[in-house]
Asker: 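I am attaching a structure below and will ask some questions about it afterwards.
Excluded from the calculations below are hydrogen atoms, water molecules and symmetry mates; all remaining heavy atoms, backbone and side chain alike, are included. Numbers here simply count residues along the sequence, with the first being 1.
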Amino acid sequence: KGDTVLVAQPNIPEVLIVTYALNKIGAVTNLVHPFTPYNQLSAIYKKTNSKLAILFEQRIAKEVEQYRGFAGNLVVTRIEDYLPLPKKVFYHVFMNKAIRRKLGKWRGKFDGFKYLCQFKKGKNEVIENTNNSKEAAIMLHSGSTTGDPKTIMLSNDAFNFIANDSYDFVCLNRKQLKGTVMLSVLPSFHGFGFCMTMHTPLCLGFGVALVPKFTTTDVVEVMNKNKMVCACGIPGIYEALLSDPHFTNNKRLKYLHICFSGGDSMSASLKDRWDTQMKNSGSHCQLFEGYGLTETSPVVSIESKNSLKLGSVGKIVPN
């Protein structure tokens, strides 16, 4: 309880599995950009007194010699771990060759993520030791607008206050959300990404469609495979989607219910073009703006279908 574990992952299943597992035993998750250079990552590791690092194999391959000193305090995730068998084999043989070559003999020296999942029942006791709701549960790192980068400590309460009020933002109830997904393209190490596109949908009872690296092609693929009802993103994501005819002409846009923009100011033109495109596609979806910062995990105010004023960033969130 109280130990800190540095987690630097793209939007892959491990980032959620690890964060909730650490939370369950009372440890603190230190979320960091997955491609942070070794020197910066090492400094964050020491500054936060982290006891273990769970890192992405592609990051380690870039600076494998430096990471040799981490062996024993390092668990490695690999992109192929959660791929279906045909894709797993293809990726391992053709796509991952360069990474395996860079890691060389060290690929087997670092514990793989699967190692953490192999404890057998009865041999290793798992102790639940959940954090007090007001104790630090998540660390996030901010570039800061006024000075040096800072580490921000957030509690379970900080995230759950937002999540529990989000039915009002999404304007759908649990029954309507069942079987649907939230598009998750914002990164886990960003408060907006973790809280609004990962934790909140899971709390409200709908799915999370994780996209490790944003492309309009990947978003269209998510739409084609799932009933996508909600998305959160920065304005640039919505501009890119509007410019891709595979998205704008997609018949499954009719399922898209509501979208939120944050992280940067949104132009009135973008909202108008988005809302018009949705209407022309047979969707009732509208694009709404919010405002927040990492310290508020991460929402202060937000527009919704129940609270709309053009040019505004919405009403203050309850609690």
Side-chain angles (χ1 to χ4, degrees), residues 7 9-24 29 31 82 137-138 140 154-214 218-234 237-238 241 252-263 283-290 292 294 296-300 302-306 314 317-319:
V7 178
Q9 300 293 323
N11 288 8
I12 57 177
E14 288 90 335
V15 72
L16 284 169
I17 295 167
V18 168
T19 300
Y20 286 123
L22 291 172
N23 192 266
K24 192 170 185 178
T29 305
L31 291 171
Y82 281 88
I138 300 278
L140 295 171
L154 294 165
S155 67
N156 286 326
D157 271 359
F159 289 106
N160 290 333
F161 274 139
I162 301 294
N164 292 334
D165 285 320
S166 292
Y167 283 120
D168 289 339
F169 314 152
V170 177
C171 302
L172 292 171
N173 59 41
R174 182 174 286 269
K175 185 176 180 181
Q176 292 169 313
L177 288 169
K178 187 176 181 180
T180 69
V181 300
M182 159 80 81
L183 178 69
S184 182
V185 295
L186 295 172
S188 63
F189 56 87
H190 190 285
F192 191 26
F194 179 78
C195 182
M196 297 310 299
T197 74
M198 298 180 189
H199 183 59
T200 292
L202 294 176
C203 288
L204 301 188
F206 65 121
V208 176
L210 295 166
V211 177
K213 185 178 181 180
F214 169 73
D218 285 341
V219 173
V220 170
E221 185 177 349
V222 167
M223 286 177 59
N224 290 338
K225 290 183 177 180
N226 305 275
K227 188 176 179 182
M228 190 176 90
V229 297
C230 190
C232 295
I234 59 173
I237 285 176
Y238 296 109
L241 290 171
R252 294 179 68 84
L253 277 177
K254 63 183 180 182
Y255 296 124
L256 197 55
H257 177 74
I258 196 165
C259 290
F260 299 102
S261 177
S283 170
H284 296 292
C285 177
Q286 291 176 267
L287 180 59
F288 297 110
E289 190 171 16
T294 309
T296 61
S297 67
V299 180
V300 172
I302 197 163
E303 286 185 302
S304 74
K305 293 184 178 185
N306 296 330
V317 173
N319 296 309

Asker: Is the NZ atom of Lys305 crowded by more than 12 outside heavy atoms at less than 6.0 Å?
Answerer: yes

Asker: Would you name the heavy atoms of Asn306 and Asp168 that are closest together and state the gap between them?
Answerer: ND2-O, 3.7 Å

Asker: For Phe214 versus Val185, what's the shortest heavy-atom pair and its separation?
Answerer: CD1-CG1, 4.2 Å

Asker: Kindly say whether Met228 contributes a backbone atom to a donor-acceptor pair with the side chain of Asn226 at under 3.5 angstrom?
Answerer: no

Asker: Given 3.5 Å as the limit, does a donor-acceptor pair link the side chain of Ser297 with the main chain of Ala158, or not?
Answerer: yes

Asker: What is the distance from atom CG of Leu183 to atom CG of Asp218, rounded to the nearest 0.5 Å?
Answerer: 9.5 Å

Asker: Just to verify, what does Phe206 make a ring-ring contact (aromatic ring centres under 6.0 Å, His included) with, not counting sequence neighbours?
Answerer: none

Asker: Give the minimum heavy-atom separation between Met196 and Cys232, together with the two atoms involved.
Answerer: CB-SG, 4.1 Å

Asker: Check Val15 against Ser188 and note the closest heavy-atom contact, atom names and distance.
Answerer: CG2-OG, 3.3 Å

Asker: Locate the shortest heavy-atom distance separating Leu210 from Pro212; write the atom from each residue and the value.
Answerer: O-CD, 3.8 Å

Asker: Just by distance, do the side chain of Ser283 and the backbone of Leu253 share a donor-acceptor pair under 3.5 Å?
Answerer: yes

Asker: Check whether any side-chain N or O of Asn11 sits under 3.5 Å from a backbone N or O of Leu186 as a donor-acceptor pair, and report yes or no.
Answerer: yes

Asker: Is it true that a side-chain atom of His199 and a backbone atom of Ala163 form a donor plus acceptor pair closer than 3.5 Å?
Answerer: no

Asker: So, Asn23 versus Asn156: side-chain donor-acceptor pair below 3.5 Å or not?
Answerer: yes

Asker: Please tell me whether Phe159 and Phe194 form a close aromatic pair, meaning their ring centres lie under 6.0 Å apart.
Answerer: yes

Asker: Please assess Phe260 against Phe192 for the test ring pair (Phe, Tyr, Trp, His ring centres under 6.0 Å), listing each intermediate value before the final yes or no.
Answerer: CA-CA 11 Å; Phe260 299 102; Phe192 191 26; 8.3 Å; no

Asker: Is the backbone of Val208 close enough, under 3.5 Å, to the side chain of Ser184 for a donor and an acceptor to pair up by distance?
Answerer: no

